[in-house]
Amino acid sequence: MTPEELAHADLDLTVDGAVATITLNRPEARNAQRPRLWAGIARVLEELGPEIRVVVLRGAGGTFSAGLDLGLLDPAKPDEEGNFITVLGLDDQAIIDQIDVYQRPFVLLGDPRFITIAVVEGHAIGAGFQLALACDLRIAAEDARFCMKEPALGLVPDLLGTKPLVEAVGYARALEICASARIVSGTEAGEIGLAQVVVPAAELDGVLAATVDALTAHPHGAVTATKRLLQEAPARTIDEQRLAERTAQVARFRALAGG
Ligand code: ACO
């Protein structure tokens with residue numbers, strides 16, 4: 001994407017060796033998300049080269065993301081790109097198809113080609129929480145504030161957040177967090193398995209660098225194949241998973257032998 005296209009998508013992108021950093025770059029609106037941002041993240045991820053092993057997602061200005069741009073829920077702003085009033089003019093299937101497009105970057109963040117890390121400081125609300133959940137790992141500041149605000153606004157989380165949340169913290173805790181729409185601190189996120197690393201905000205960059213080093217230290221093909229196996233494990237029986245492991249190992253043997 002060109003710098004102009006990235007700016008239009010409220011994004012900044014830096015690539016340093018095997019690491020791509022996507023920054024939500026609309027700090028004046030606390031990195032509130034619009035459809036253009038989702039389309040931009042999808043395009044950035046699709047255009048990354050095979051050398052990229054880690055994708056870091058973070059927010060500019062000390063906030064991860066305040067979630068959906070509330071202008072999109074405002075009936076007084078029907079001209080806003082993606083405003084729900086406009087969406088309501090569509091039939092049910094067309095709305096479902098539209099949300100499918102919006103969900104695309106959240107799906108792509110799970111691509112086995114790379115490991116995705118959300119660096120969460122400040123707020124991760126609604127779509128912001130879901131964006132963090134779409135990443136493989138979350139590194140959070142102790143005073144970060146996660147909130148699944150959608151039910152409080154009469155909505156459901158529809159950007160893929162429900163599945164990784166249940167997988168991370170279990171059904172009961174996920175329900176409690178969503179139904180209450182309460183704030184989960186970074187410290188609590190670490191305790192309940194929502195965040196894998198939790199540190200004071202000033203230490204985020206250091207711990208991120210160490211994590212990236214660890215995640216890129218070993219053969220890319222082995223890491224990619226292992227990520228795929230782990231992702232697919234919950235949906236498989238033991239025998240199906242055993243077969244998947246054996247099959248993946250054949251490919252690893254051949255790669256090690258240079259064939
Ligand atoms: N959409 C659009 N603009 C936003 C959003 C948002 N979600 N969040 C913040 N902004 C804007 C504010 O309107 C304000 O703009 P202004 O300077 O033109 O008045 C600016 O960002 C700064 O916001 P403040 O509220 O002043 O910032 P503060 O740091 O005090 O608070 C916080 C941050 C807690 C994130 C607060 O802005 C907030 O609660 N935002 C709304 C969160 C929300 O309900 N998101 C939707 C969740 S549901 C979903 O994502 C589907």
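Every number for a ligand or one of its atoms is a count from 1 in the order of the listing. Reckoned from all heavy atoms, side chains included, excluding hydrogens, waters and symmetry mates.
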- Message: For atom 24 (P) of ligand 1, tell me which residue out of Gln33, Arg34, Arg30 has the closest non-hydrogen atom.
- Response: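 Comparing heavy atoms across Gln33, Arg34, Arg30, the nearest one to atom 24 (P) of ligand 1 lies in Arg30.
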- Look at atom 7 (N) of ligand 1 and find which of Leu131, Asp69, Leu68 reaches it with the closest heavy atom.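 Of the listed residues, Leu68 has the closest heavy atom.
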- Query: Which ligand 1 atoms does Gly67 reach within 4.0 Å, using its non-hydrogen atoms?
  - Reply: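 In order of numbering, the contacting atoms are 50 (O).
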- Task: Within a distance under 4.0 Å of any heavy atom of Glu150, pick out the atoms of ligand 1 and give their elements.
- Result: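 Every atom of ligand 1 under 4.0 Å from some heavy atom of Glu150: 49 (C), 50 (O), 51 (C).
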Rounded to the nearest 0.5 Å, what's the gap from [atom1] on [X] to [atom2] on [Y]? Could you check?
{"X": "Arg113", "Y": "Glu51", "atom1": "CZ", "atom2": "CD", "value": "10.0 Å"}
{"X": "Leu11", "Y": "Leu13", "atom1": "CG", "atom2": "CG", "value": "8.5 Å"}
{"X": "Ile192", "Y": "Phe146", "atom1": "CD1", "atom2": "CZ", "value": "9.0 Å"}
{"X": "Glu121", "Y": "Thr63", "atom1": "CD", "atom2": "OG1", "value": "7.5 Å"}
{"X": "Arg36", "Y": "Arg26", "atom1": "CZ", "atom2": "CZ", "value": "7.5 Å"}

- In the protein, which heavy atom is nearest to atom 6 (C) of ligand 1, and how far is it?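 Nearest protein contact, heavy atoms only, for atom 6 (C) of ligand 1 is Ala32 CB, 3.5 Å.
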- With a 4.5 Å limit on heavy-atom distance, are the side chains of Leu57 and Thr116 in contact?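 No - every pair of side-chain heavy atoms lies 4.5 Å or more apart.
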- Message: Are the side chains of Glu142 and Val199 in contact, using a 4.5 Å heavy-atom criterion?
- Response: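 The answer is no; the side chains never approach within 4.5 Å.
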[X], any N or O under 3.5 Å of ligand 1 N or O:
{"X": "Leu70", "answer": "yes"}
{"X": "Gly71", "answer": "no"}
{"X": "Ala127", "answer": "yes"}

- Query: Between Asp205 and Arg58, is there a side-chain N and carboxylate O pair less than 4.0 Å apart?
  - Reply: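 Between Arg58 and Asp205 there is a salt bridge, with a charged N closer than 4.0 Å to a carboxylate O.
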- Between Glu245 and Arg242, is there a salt bridge with N-O shorter than 4.0 Å?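 No, no charged N to carboxylate O under 4.0 Å.
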Does the protein put a heavy atom under 4.0 Å from [atom]?
{"atom": "atom 44 (O) of ligand 1", "result": "yes"}
{"atom": "atom 16 (P) of ligand 1", "result": "no"}
{"atom": "atom 12 (C) of ligand 1", "result": "no"}
{"atom": "atom 36 (C) of ligand 1", "result": "no"}
{"atom": "atom 48 (S) of ligand 1", "result": "yes"}

- Determine whether the side chain, the backbone, both or neither of Leu153 has a heavy atom under 4.0 Å from any heavy atom of ligand 1.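 The part of Leu153 near ligand 1 is the side chain, not the backbone.
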Work out whether the distance between some heavy atom of [X] and some atom of ligand 1 is less than 4.0 Å.
{"X": "Ile125", "value": "yes"}
{"X": "Ala29", "value": "yes"}
{"X": "Glu28", "value": "yes"}

- Item | Minimum heavy-atom distance between Leu24 and Gln33, given as atom pair plus value |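 For Leu24 and Gln33, the tightest heavy-atom pair comes out as CD2-NE2, 4.5 Å.
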- Item | Heavy-atom pair of closest approach, residues Asp136 and Gln231 |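 That would be OD1-NE2, 4.5 Å.
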